[in-house]
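Computed from a predicted model, the values in this text were never measured in an experiment. Excluded from the calculations below are hydrogen atoms, water molecules and symmetry mates; all remaining heavy atoms, backbone and side chain alike, are included. Just so you know, ligand 1 is whichever comes first in the structure, and atom 1 is the first atom listed for that ligand. The chain is numbered in sequence order, starting from 1.
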Amino acid sequence: MTCIGKLFVISAPSGAGKTTLIRQVLNRFNCLSYSVSHTTRNPRKNEQDGRDYFFISTEAFEQKIDQGDLLEWAKVHDNYYGTAREVVKKTLDKGLSLLLDIDVQGAGQIMASDLDPVTIFIMPPSFEILSQRLECRGTDSKNVIARRLENAKFEMAQKDRYQHVVINDDLDKAIEALCLIFEKEMA
Ligand SMILES: Nc1nc2c(ncn2[C@@H]2O[C@H](COP(=O)(O)OP(=O)(O)O)[C@@H](O)[C@H]2O)c(=O)[nH]1
Ligand SMILES: Nc1ncnc2c1ncn2[C@@H]1O[C@H](COP(=O)(O)OP(=O)(O)O)[C@@H](O)[C@H]1O
């Protein structure tokens, strides 16, 4: 498949299933790459530095802000997260597509830029199921889960700012719906 280089932005509340869905999409489209973000949050078990995130100190992150190295950044659930400007530029310059998994604040910054992103919001079927998914994932403490659920309300209220909304209820159906968006946008 020939692809047109596009910038995709996916946002979702924590636990909605964006990481699960994004893995499937990346497996299907070889002209699509993933932007590995920088964060000051601690790695979870099974997360690898350089693959899931670049895990850096607060000082190193603030230095990146000061040097203008980040295309967008935000404080999310009490940690810094940001996208390296250089990687986005190099990928799009080569005519390749790139996927950013970023929060609603960062997405707002990209929407306001001249990068003309395709924007997608992943919704859980309900708040209760979101809460269950976070518990079942087993990666976060009760306090961390509570903080993420509190932020989820504000995040979900912003879904209409996005061009596409995909509800992640049945996983296979959500994968198909999401892949269809990528297929159409890169055709
Ligand atoms: N603004 C911004 N948000 C990011 C970036 N990378 C990740 N995020 C967001 O930070 C939030 C927390 O991510 P994470 O700690 O991995 O938890 P998860 O949502 O439970 O997988 C999610 O909303 C991510 O989309 C980034 O580079 N910039
Ligand atoms: N459609 C789905 N049905 C049931 N469980 C799901 C579904 N999608 C994701 N999950 C599970 O929900 C949890 C949160 O998913 P994850 O991809 O880590 O979310 P996010 O990256 O948005 O925080 C994981 O344990 C994942 O296996």
Peer 1: List the residues meeting side chain to side chain donor-acceptor pair (under 3.5 Å) with Y80, not counting sequence neighbours, and say none if there are none.
Peer 2: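 Y80: side chain to side chain donor-acceptor pair (under 3.5 Å) contacts with E62.
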Peer 1: If you measure every N/O of D103 against every N/O of ligand 1, is any gap under 3.5 Å?
Peer 2: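 Yes; at least one N/O pair falls below 3.5 Å.
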Peer 1: Can you sort out which atoms of ligand 1 are near H77, meaning under 4.0 Å from one of its heavy atoms?
Peer 2: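 Listed by number with element, the hits are 12 (C).
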Peer 1: Which pairs count as side chain to side chain donor-acceptor pair (under 3.5 Å) when at least one residue sits in residues 142-153, sequence neighbours excluded?
Peer 2: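 Residue pairs passing side chain to side chain donor-acceptor pair (under 3.5 Å), neighbours aside: S14-R148, H77-N151, D78-R147, R147-N151.
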Peer 1: Between S37, A107, A12, which one has a non-hydrogen atom sitting closest to atom 27 (O) of ligand 1?
Peer 2: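 The option holding the nearest heavy atom is S37.
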Peer 1: Can you list, by chain and residue number, every protein residue with a non-hydrogen atom closer than 4.0 Å to ligand 2?
Peer 2: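 Only P13, S14, G15, A16, G17, K18, T19, T20, R133, R137, N168, D169, L171 have heavy atoms that fall under 4.0 Å of ligand 2, ordered by chain and number.
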Peer 1: Does some non-hydrogen atom of K18 fall short of 4.0 Å from ligand 1?
Peer 2: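 Per 4.0 Å heavy-atom rule, K18 contacts ligand 1.
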Peer 1: Would you mind listing every side chain to side chain donor-acceptor pair (under 3.5 Å) that reaches into residues 104-122, with sequence neighbours excluded?
Peer 2: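 Of all non-adjacent pairs touching residues 104-122, those that pass side chain to side chain donor-acceptor pair (under 3.5 Å) are D103-Q105.
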Peer 1: H38: heavy atom below 4.0 Å from ligand 1, yes or no?
Peer 2: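 It does not; every heavy atom stays at 4.0 Å or beyond.
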Peer 1: Counting only nitrogen or oxygen atoms and a 3.5 angstrom limit, does E155 reach ligand 1?
Peer 2: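 Between E155 and ligand 1 (N or O atoms, distance only) the closest approach is not under 3.5 Å.
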Peer 1: Measuring from non-hydrogen atoms of R133 to any atom of ligand 1, is the shortest distance under 4.0 Å?
Peer 2: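 Flag not set, R133 not near ligand 1.
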Peer 1: Heavy-atom contact under 4.0 Å between Q109 and ligand 1?
Peer 2: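 Q109: no contact with ligand 1 (<4.0 Å).
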Peer 1: Answer yes or no: does an N/O atom from G82 fall short of 3.5 Å to an N/O atom of ligand 1?
Peer 2: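 By distance alone, the answer is yes.
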Peer 1: Can you check whether E47 has an N/O within less than 3.5 Å of an N/O in ligand 1?
Peer 2: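 There is no such contact.
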